[in-house]
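Data block below; observations after.
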Amino acid sequence: MTLVSSHLFKPCLTFVFLALFQSHTTFSALILSLRNHRSYPQHPRPMFQTNRTTCALFAGTWVRDDTYPLYQYSNCPVIDAEFNCQMSGRPDSGYLKYRWQPLNCQLPRFDGLVFLSKMRGKTVMFVGDSLGRNQFESLICMILAANPQTQTQMNRAMPLSTFKFLEYGVSISYFRAPFLVDVDVMQGKRIVKLDDIAGNGNAWRMADVLVFNTGHWWGHVGSLRGWDLIQSGGKYYQDMDRLVAMEKGLRTWANWIDSNVDITRTRVFFQSASPDHYNPNEWSAAATSTTAKNCYGETEPMKGTTYTNTYADQMGVVNEVIREMHVPTYLMDITMLSELRKDGHPSIYRGDFSPSQRANPQKSADCSHWCLPGLPDTWNELFYTVLFY
């Protein structure tokens with residue numbers, strides 16, 4: 001976050017705190033439509049041609065494949081402790097042995113050397129919350145598995161971390177921006193600025209491939225809430241309808257992309273919501289108050305191809321905003337295939353968990369992030385396919 005001197009905080013405190021308690025009653029036409037009808041146009045599933053077969057990449061099933069995982073955690077030094085489930089003592093490994101099978105085709109096998117060759121001299125940047133960091137670290141591991149001796153350089157910082165494959169001039173970066181729009185600190189208060197993205201956008205301007213995500217932070221409450229105030233339209237709010245806030249932030253992001261991205265050199269992707277698994281009723285009709293409270297102890301994917309779609313409203317907003325953009329933006333629709341993977345979360349197997357946290361999975365289990373190796377590797381197989389095929 002950017003620290004801003006108090007003299008730059010131009011609105012007087014009286015105005016700010018009067019504005020805080022204004023009721024936020026103005027909903028956009030899009031939000032009203034979502035709330036009133038619950039039926040918005042669905043984003044068409046991206047199609048890709050392989051072996052003369054039309055393939056719906058994001059519809060399919062999980063199949064057992066003993067050639068997975070694509071790398072070993074012990075051979076990848078960039079995995080954060082919170083994602084490194086095997087190193088942290090996870091006793092089962094069956095969750096590593098699943099491959100995504102799209103309808104009517106096979107995904108091309110990820111090849112790290114092909115990725116480096118095709119991306120020579122270019123920069124890939126993941127922008128968003130820690131799910132973007134999950135995917136960023138996964139992609140590095142997948143590339144290193146194909147060329148473990150290549151010369152590399154890593155710079156971890158906040159908000160920007162970069163891993164370079166020096167021989168190829170390829171940079172893979174992660175920029176932390178959970179809301180995409182700017183978050184500033186003014187007079188000790190964190191302010192999400194729904195109308196402002198210039199600060200963050202400057203860090204993305206020169207990337208050749210941009211992969212954005214946002215979602216979870218818009219719904220956080222209590223101590224997990226990512227702001228003290230929301231700034232919108234020159235006014236300040238302690239809170240507002242979360243879907244309204246997300247839509248406003250996404251439109252600011254979309255306007256920035258349309259105004260600043262050179263489509264002759266930069267490709268833009270947006271990753272759909274990564275689901276969590278805190279409610280066992282979503283995958284077990286037999287779940288009761290005495291059974292598991294979350295993903296702890298889950299070792300297999302859900303069966304079938306249907307899911308609860310708890311992010312339907314969010315994805316309705318994302319679909320509509322992307323559809324109205326001028327810059328072609330590819331929606332990586334990973335929500336359904338990820339929803340099926342209740343077995344893929346760290347749960348209590350995080351290297352940064354204390355013994356007391358591990359002893360209390362009902363309260364502490366991480367059912368939001370993903371183990372590495374694990375599900376984000378599939379996200380990157382899909383990314384690789386869309387990027388090059």
Heavy-atom side-chain contact between Thr378 and Trp62 under 4.5 Å: yes

Side chains of Trp283 and Glu298: is there a donor and an acceptor less than 3.5 Å apart? yes

Look only at the side chain of Gln314 and the backbone of Gly215, and say whether a donor-acceptor pair between them is shorter than 3.5 Å. yes

If you define the side chain from C-beta out and look only at heavy atoms, does anything of Asn319 sit under 4.5 Å from Leu331? yes

Taking Thr335 for its side chain and Ala273 for its backbone only, find out whether a donor-acceptor pair lies under 3.5 Å. yes

Nearest 0.5 Å, what's the OG1-CG distance between Thr299 and Asp92? 6.0 Å

If you measure from CG on Asn84 to SG on Cys371, what distance do you get to the nearest 0.5 Å? 9.0 Å

Would you say Asp258's side chain and Val327's backbone share a donor-acceptor pair under 3.5 angstrom? yes

Please identify each residue that fulfils salt bridge (Lys or Arg N to Asp or Glu O under 4.0 Å) with Asp208, with sequence neighbours left out. Arg265

Hey, are the side chains of Arg176 and Asp129 touching, using non-hydrogen atoms and a 4.5 Å cut-off? no

I'd like to check Lys193 versus Asp184 (side-chain heavy atoms, cut-off strictly below 4.5 Å). Are they in contact? yes

Check this for me, if you would: do Glu324 and Arg251 make a salt bridge, where the nitrogen-to-carboxylate-oxygen distance has to be below 4.0 angstrom? yes

Assess whether atom CE of Met206 is packed by more than 12 heavy atoms of other residues, nucleotides or ligands within 6.0 Å. no

After noting the C-alpha distance and the side-chain angles of Tyr236 and Ile230, does the key distance pass the side chain to side chain contact (heavy atoms under 4.5 Å, CB included) rule? CA-CA 6 Å; Tyr236 294 80; Ile230 298 174; over 6 Å; no

Measuring from Phe165:CZ to Ile140:CD1, what's the distance to the nearest 0.5 Å? 6.0 Å

Could you tell me if Ser171 and Thr162 have a donor-acceptor pair between their side chains, going purely by distance under 3.5 Å? no

Quick one: does Asp196's side chain have a donor or acceptor within less than 3.5 Å of a partner on Ala198's backbone? yes

Among the clusters formed by ILVMFWY side chains lying less than 4.5 Å apart, do Met154 and Phe83 turn up in the same one? yes

Side chains of Asp377 and Tyr71: any donor to acceptor distance under 3.5 Å? yes

Should Tyr389 and Val386 be counted in the same cluster of Ile, Leu, Val, Met, Phe, Trp and Tyr side chains packed under 4.5 Å apart? yes

Separation between OG1 (Thr61) and CZ (Arg99), nearest 0.5 Å, reads 8.5 Å

Would you call Ile191 and Val185 a side-chain contact if the rule is heavy atoms closer than 4.5 Å? no

According to a 4.5 Å side-chain heavy-atom criterion applied to Ile, Leu, Val, Met, Phe, Trp and Tyr, with indirect links allowed, do Tyr95 and Met87 form part of one hydrophobic cluster? no

Consider only side-chain heavy atoms of I, L, V, M, F, W and Y, link residues closer than 4.5 Å, and tell whether Leu372 and Leu96 are in one cluster. no

In chain order, what residues pass the salt bridge (Lys or Arg N to Asp or Glu O under 4.0 Å) check against Arg267, with sequence neighbours excluded? none

Verdict with supporting geometry, Leu382 and Ile334, side chain to side chain contact (heavy atoms under 4.5 Å, CB included): CA-CA 9 Å; Leu382 290 161; Ile334 55 88; 4.2 Å; yes

Using atom types as modelled and distance alone, determine if a side-chain donor or acceptor of Ser272 lies under 3.5 Å from a backbone N or O of Met332. yes

Phe383 and Val209, any side-chain heavy atoms less than 4.5 Å apart: yes

Determine, for Phe115 and Arg120, whether the Lys NZ or Arg CZ falls below 6.0 Å from the six-membered ring centre while staying within 45 degrees of the axis. no

Please tell me if the side chains of Ile172 and Ile143 come closer than 4.5 Å, counting only heavy atoms from C-beta onward. yes

Evaluate the side chain to side chain contact (heavy atoms under 4.5 Å, CB included) criterion for residues Lys164 and Thr123: first the C-alpha distance (whole Å), next the side-chain angles of each, then the deciding distance (0.1 Å), finally the verdict. CA-CA 9 Å; Lys164 295 182 178 181; Thr123 296; over 6 Å; no

Indicate yes or no for a side-chain donor-acceptor contact from Ser347 to the backbone of Pro361 under 3.5 Å, with no hydrogens or angles considered. no

So, using salt bridge (Lys or Arg N to Asp or Glu O under 4.0 Å) as the criterion, who are the partners of Arg156 when residues are at least two apart? Asp80, Glu137

Using a 3.5 Å distance criterion without hydrogens, assess whether the side chain of Tyr174 forms a donor-acceptor pair with backbone atoms of Gly128. yes

Check: Phe126 ring centre within less than 6.0 Å of Phe175 ring centre: no

Cation-aromatic face contact Arg90/Tyr73, 6.0 Å, 45 degrees: no

Please tell me whether Ser138 and Asn380 have a donor and an acceptor in their side chains that are separated by less than 3.5 angstrom. yes

Verify side chain to side chain contact (heavy atoms under 4.5 Å, CB included) between Lys97 and Asp65, making sure each step is shown before the conclusion. CA-CA 5 Å; Lys97 300 294 184 179; Asp65 188 332; over 6 Å; no

Under a 4.5 Å cut-off applied to non-hydrogen side-chain atoms, are Leu337 and Phe58 in contact? yes

Arg341 NZ/CZ over Trp379 ring centroid, <6.0 Å and within 45° of normal: no

With a 4.0 Å cut-off, would you call Asp239 and Arg225 a salt bridge? yes

When you compare the side chains of Gln106 and Gln101, does any donor N or O come within less than 3.5 Å of an acceptor on the partner? yes

Take Arg64 and Asp66, measure what salt bridge (charged side-chain N to carboxylate O under 4.0 Å, His left out) needs, and give me the verdict at the end. CA-CA 7 Å; Arg64 178 87 182 190; Asp66 288 331; 3.2 Å; yes

Looking at Glu82 and Arg133, is there a salt bridge between them, counting it only when a charged N and a carboxylate O are closer than 4.0 Å? yes

Can you tell me which residue pairs pass the side-chain hydrogen bond (donor to acceptor under 3.5 Å, both in side chains) test with a partner in residues 366-375, sequence neighbours excluded? Ser130-His369, His216-Ser368, Ser274-Trp370, Arg350-Asp366, Asp366-His369

Does the gap between the ring centers of Trp217 and Trp227 come in under 6.0 Å? no

Quick one: do the Trp218 and Thr214 side chains pair a donor with an acceptor below 3.5 Å? yes

Got a donor-acceptor contact below 3.5 angstrom from the Asn147 side chain to the Gly112 backbone? no

Find the distance between OH (Tyr168) and CG (Leu113) and round it off to the nearest 0.5 Å. 5.0 Å

Measure the spacing between CG of Leu194 and CD of Glu247 and express it to the nearest 0.5 Å. 10.5 Å

In terms of ring plane angle, is the pair Tyr384 and Phe388 parallel, tilted or perpendicular, where the classes change at 30° and 60°? perpendicular

Does Gln151 have any side-chain contact (heavy atoms from CB on, under 4.5 Å) partners at least two apart in sequence or in another chain, and if so, which? Leu166

Spell out, as yes or no, whether a donor-acceptor pair under 3.5 Å connects the side chain of Thr329 to the backbone of Phe269. no

Who pairs with Asp262 by salt bridge (Lys or Arg N to Asp or Glu O under 4.0 Å), at least two apart in sequence or on another chain? none

Taking the basic N atoms (NZ, or NE/NH1/NH2) and the acidic carboxylate oxygens, is any pair closer than 4.0 Å for Lys189 and Asp228? no

Kindly work out whether a path of hydrophobic side-chain contacts (I/L/V/M/F/W/Y, heavy atoms less than 4.5 Å apart) joins Met125 to Phe179. yes

